[in-house]
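What follows is one structure encoded as structure tokens, with my remarks underneath.
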Amino acid sequence: MGPNTNLAEFIESCRDQHLAELCEFLRIPSVSAKSEHKPDIERAARWAAGKLTSAGFKTVHIIPTNLHPLVYAESLEAPGKPTILFYGHYDVQPAEPLDLWTSPAFEPTVRDGNIFGRGTADDKGQVHIHIKALESLHKVNGQFPINIKVLIEGEEEVGSVSLWDHVQKNKEKLKADALIVSDTSMLAKGVPSITYGLRGLNYYQIELAGPARDLHSGVYGGAVPNPLTILAELFAKLHDKNFRAVIPGFYDDVAKVPASERKALNALPWKKKDFEKAVGAPGYVGETGFTTVERLWIRPTLELNGIWGGYSGEGAKTVIPSKACAKLSTRLVPDQDPAKIAKLVERHIRKLLPKAVTAKFEVLSTGKPWVAPYSHPIFQKAIQALESGFGKKAVFIREGGSIPFVTQMHDTFKVPCVLLGFGLPDENAHAPDEHILLDVTEEALGIMAGLFWDLGEMRK
Ligand code: BES
Ligand code: MN
Ligand code: MN
């Protein structure tokens, strides 16, 4: 088993080069949420496409969409071998609040064996592992050991809206025997993990409008509606004392998780202490009747993600804002239907609002939850590859985050989706000081190269 030993040596000899290239990628502020970063998004797409070409792909395309371009590469020169689709994203979350970064978000910096920068864990660092694993295989063996399609998108962090359309129009092109994704986390350091379930995500924005213009709160206050107060009252009503979302029908379609699965999830080597250290809150809350792991992985939630209006600058401004806005989202679990949940949320919010304000309710993106069996032989190969690298048997976990493409692929092609995450829960994804451990990254590169090699020996 395993490719020739030259491969490991080759990878080792490229360590500095790999790090230098990853830094190039990380320096591009490809923030998909903000239109001012459109040129950076395009630069990141071109960067990834260029690296796929140097990795040995003869077919590499940058595919425009309604929003951000997709990068697609394929090599189908291994007749009789399986075809693997690798998916990742080159876009990143906004870096704000900037002043909380120890070193600037887009100036990657190595400290204590970690590399810090936006996108290190989510997902440029992980995408880079795969590009370099494939490149190493190609350089050492002169060819790829399998048929491989690579899809790297630029809209993951804003809901992968353009991707669905692309998948529907390119079913033949994207067809593969399995999907491999590295955009998740390990349960803990040194615990190789394969994720078999993700929550879905619906994201909403609401704007309440009251007075036609901002008002002097002394001259008018007491006799006019304050949209910001009304918004705060609204959110106060959206959870009950057991931390359940108070949206009629919200839990109706939640599939019951078998007792045996709950038992297995709760028995994982997951440490509450590590979780609390990563969070750093003075206390913890969650839905009554469920363990923390269950709250995170198998229960739906409703969260307020942002709220604004009125004055929040220095000092005081006595104003009654004309408008108040909020961003909110629901995490969904099997078998909740995103469209149905969006309707329930909007209907209930409208019902709670007084006539003194008008409301604009927008659904910015929707995404289905995903959970799938892991009995396909490819999972055995993945377990072996992870074990050979980390020296430990992989665990099967569910996670609370969302990756819209996984559901799209699974629903469209019914293929096994292997989520091999190399991030760690405390690596500050979406937060200041995002980082990854360089040793884990290096290990992961070898593991992925080994896995791609082994898959070449698997029968279709
Ligand atoms: N990589 C994450 C998803 C993730 C993180 C899954 C950790 C499992 C463990 C991804 O980039 C992400 O952040 N997705 C968004 C969803 C998207 C629709 C905006 C999320 O989960 O908030
Ligand atoms: Mn990601
Ligand atoms: Mn993310």
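When a ligand or atom number is given, it counts from 1 through the structure's own listing order. Residues take their numbers from the sequence shown, with the count starting at 1.
If you check the side chains of S402 and R331, you find a donor sitting under 3.5 Å from an acceptor. A donor-acceptor pair shorter than 3.5 Å cannot be found between the side chains of Q384 and Q380. Using modelled atom types and a 3.5 Å distance limit, the side chains of D183 and Q126 yield no donor-acceptor pair. Judged purely by distance below 3.5 Å, without hydrogens or angles, the side chains of H430 and E157 pair a donor atom with an acceptor atom. Side-chain contact of S182 with H130: a donor-acceptor pair under 3.5 Å is present, judged by distance alone. Side-chain atoms of T59 and Y72 include no donor-acceptor pair closer than 3.5 Å.
The nearest non-hydrogen atom to atom 13 (O) of ligand 1, considering only E156, H430, Q126, E303, comes from H430.
Each of the atoms 20 (C), 21 (O), 22 (O) of ligand 1 lies under 4.0 Å from some heavy atom of R331. Atom numbering of ligand 1 starts at 1 in the shown order; those under 4.0 Å from a heavy atom of H89 are 11 (O). The distance from ligand 1 to the heavy atoms of L201 drops below 4.0 Å at these ligand atoms: 16 (C), 17 (C), 18 (C), 19 (C).
Both the backbone and the side chain of D183 come within 4.0 Å of ligand 1, counting heavy atoms alone. Residue-level proximity to ligand 1 for S160 is absent, since no heavy atom of it falls below 4.0 angstrom.
In this structure, the separation between NZ on K340 and CG on D335 is 10.5 Å, given to the nearest 0.5 Å. The CZ atom of F422 sits 8.5 Å away from the OG1 atom of T184 when rounded to the nearest 0.5 Å.
Residues satisfying the side-chain contact (heavy atoms from CB on, under 4.5 Å) test with Y374, not counting sequence neighbours, are Y196, F379, F396. Every residue two or more places apart in sequence or in another chain that forms a side-chain contact (heavy atoms from CB on, under 4.5 Å) with P373 is listed here: S375.
Applying the ring pair (Phe, Tyr, Trp, His ring centres under 6.0 Å) definition to pairs two or more places apart or across chains, those involving residues 90-122 are F116-H435.
By the 4.0 Å heavy-atom criterion, S365 is excluded from the residues contacting ligand 1. The closest approach between a heavy atom of G367 and any atom of ligand 1 is not below 4.0 Å. Using a 4.0 angstrom heavy-atom cutoff, Q93 does not count as in contact with ligand 1. In this structure, D123 falls outside the shell of residues with a heavy atom less than 4.0 angstrom from ligand 1.
Both tests do not hold together for R350 against F361: distance to the six-membered ring centre under 6.0 Å, angle to the ring axis within 45°.
Remark: ligand 1 and E399 share no N or O pair separated by less than 3.5 Å (distance only, no angle test). By the 3.5 Å distance cut-off applied to N or O atoms, S402 is counted among the residues near ligand 1.
Per residue H430, closest N, O or S atom to the Mn ion (ligand 3): atom name NE2.
The number of protein N/O/S atoms found under 2.8 Å from the Mn ion (ligand 2) is 4.
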